[in-house]
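Note sheet for the following structure.
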Amino acid sequence: MTLLDKFKPLEEARDKLRALGTYPFGVTIEKILSPTEAVIHGRKVILAGTNNYLGLTFHPECIAAAIQALKEQGCGTTGSRMANGNYADHLALEREFAEFYRKPFCVVFSTGYQANLALLSTLAGAGDVILLDADCHASIYDGCRLSQAEVIRFRHNDVEDLKKRLRRLGERAARTLIVVEGIYSMLGDMAPLKEIAALKQEYGAYLMVDEAHSLGVLGEYGRGLVEATGVEDQADFIVGTFSKSLGGIGGFCVSAHRELDVLRYAARPYIFTASSSPAAIAATRVALRLLRDGTELRARLWQHARRFRQGLENLGLKLGPILSPVVAILLGESREQALFIWHQLLSRGVYVNLVMPPATPDARCLLRCSLSAAHSDQQIDRCLEVFAEVFSAYGSA
Ligand code: PMP
């Protein structure tokens with residue numbers, strides 16, 4: 001047994017899937033044409049599996065701001081904010097996020113993944129408890145691993161299960177951080193946040209909400225599920241990413257707790273990594289304004305979500321539980337069959353995400369589709385035509 005032998009099963013699994021046709025993980029986007037179109041395998045395809053909810057990746061104002069920052073401030077910062085200094089724009093973006101959320105404190109991170117690592121590893125230490133929804137994202141699980149806290153999962157979206165666990169914790173509830181997401185990335189469903197916020201109040205715990213997929217998507221002003229459910233004051237820490245509705249790269253956390261600002265001096269994923277490039281920050285500053293003023297973009301996104309879901313329901317497909325811009329098509333347990341269906345869609349010009357266990361909530365595979373405000377009605381209809389062709393020919397896996 002050598003150091004590298006452990007990779008054998010992974011390599012075999014990869015090669016087995018590869019032998020069946022195009023490998024679905026890490027597809028090469030040969031050319032990106034717009035927020036909704038790309039060239040893959042020499043063919044123009046509709047992108048129906050991005051997280052580009054508001055379609056801002058090609059927004060001329062974001063691009064112009066990025067180019068200007070690139071010219072004036074260079075390609076990169078070459079170091080961390082703690083060791084090498086803050087660029088003024090990083091601080092400006094923090095102020096803008098804080099204003100947007102009407103919270104006094106904000107910290108910007110280099111990615112949303114790092115925001116979760118930083119928050120969880122620093123907020124919850126030895127003797128503390130993290131109570132997380134079982135369907136939370138890998139970055140939340142990884143943050144838990146970095147923390148010294150006791151980690152307890154509650155059943156996905158199950159308020160009763162959460163309550164039972166909080167009750168069992170007794171006085172330790174005051175040392176507990178509850179972690180949930182706004183929109184869950186795989187099934188597109190949402191946390192019952194009003195009830196969860198009420199429980200955290202009742203038991204004196206703290207609440208962190210990852211709005212990665214709901215920022216810009218939910219709420220009149222796009223502040224996510226906390227806004228849509230009216231619990232902004234009860235959410236102690238709101239985390240998010242720039243990599244979805246903001247069309248860039250980076251992460252943030254806002255809070256009314258001044259300790260968030262102190263966390264900068266303790267959070268290793270903040271201290272020991274380079275800060276975001278000036279271009280990324282400049283584009284995000286513009287994108288945040290567009291997101292806040294993006295009522296029409298949100299309306300279009302939801303209109304597309306309704307049209308797409310209705311079309312898929314008409315085909316009799318098994319879908320995720322609720323109307324959402326993230327649409328899961330639930331398949332069976334056969335990876336080969338799921339890959340075949342995914343490949344058929346791609347070869348007819350529709351790119352979606354293929355998700356296999358353990359990334360899925362259960363043993364089944366799923367196709368994850370996501371809508372963008374930048375899609376046209378024609379693109380949605382074309383996707384539905386392709387789904388109809390593929391599923392009528394090959395069944396539902
Ligand atoms: N949280 C959730 C819920 C996510 O889905 C993701 C990205 N898929 C992240 C955090 C990480 O965000 P980023 O891409 O900015 O690292």
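Remember, it's 1-based here, ligands and their atoms both numbered in the order they're listed.
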Exceeds 12 heavy-atom contacts within 6.0 angstrom, atom [atom1] of [X]:
X     : atom1 : result
Phe58 : CZ    : yes
Gln68 : CD    : no
Lys31 : NZ    : no
Lys6  : NZ    : yes

Any atoms of ligand 1 less than 4.0 Å from a non-hydrogen atom of [X]? List them with their elements.
X      : value
Ser243 : 13 (P), 14 (O), 15 (O)
Thr111 : 15 (O), 16 (O)
Asn116 : 1 (N), 10 (C)
Gly250 : 15 (O)

Closest approach of any protein heavy atom to [atom], naming residue and atom:
atom                    : result
atom 11 (C) of ligand 1 : Tyr113 N, 3.5 Å
atom 1 (N) of ligand 1  : Asp210 OD2, 2.6 Å
atom 13 (P) of ligand 1 : Gly112 N, 3.5 Å
atom 7 (C) of ligand 1  : Lys244 NZ, 2.9 Å
atom 9 (C) of ligand 1  : His137 CE1, 3.6 Å

N/O donor-acceptor pairs under 3.5 Å from side chains in residues 179-188, not counting sequence neighbours:
residue, atom, partner, partner atom, Å
Glu181, OE2, His137, N, 2.5
Tyr184, OH, Asp133, OD2, 3.4
Tyr184, OH, Glu181, N, 3.1

Is the ring centre of Phe308 less than 6.0 Å from the ring centre of His375?
->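 Between Phe308 and His375, the centre distance exceeds or equals 6.0 Å.
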With sequence neighbours left out, write down each residue that passes side-chain hydrogen bond (donor to acceptor under 3.5 Å, both in side chains) with Glu99, or none if nothing qualifies.
-> none
Ala212 N/O to ligand 1 N/O under 3.5 Å | no
Do His213 and ligand 1 have an N or O pair less than 3.5 Å apart?
-> yes
Hey, does the side chain of Arg223 reach the backbone of Arg292 with a donor-acceptor pair shorter than 3.5 angstrom?
-> no
Proximity flag Gly251 to ligand 1, non-hydrogen atoms under 4.0 Å =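 No, Gly251 has no heavy atoms under 4.0 Å from ligand 1.
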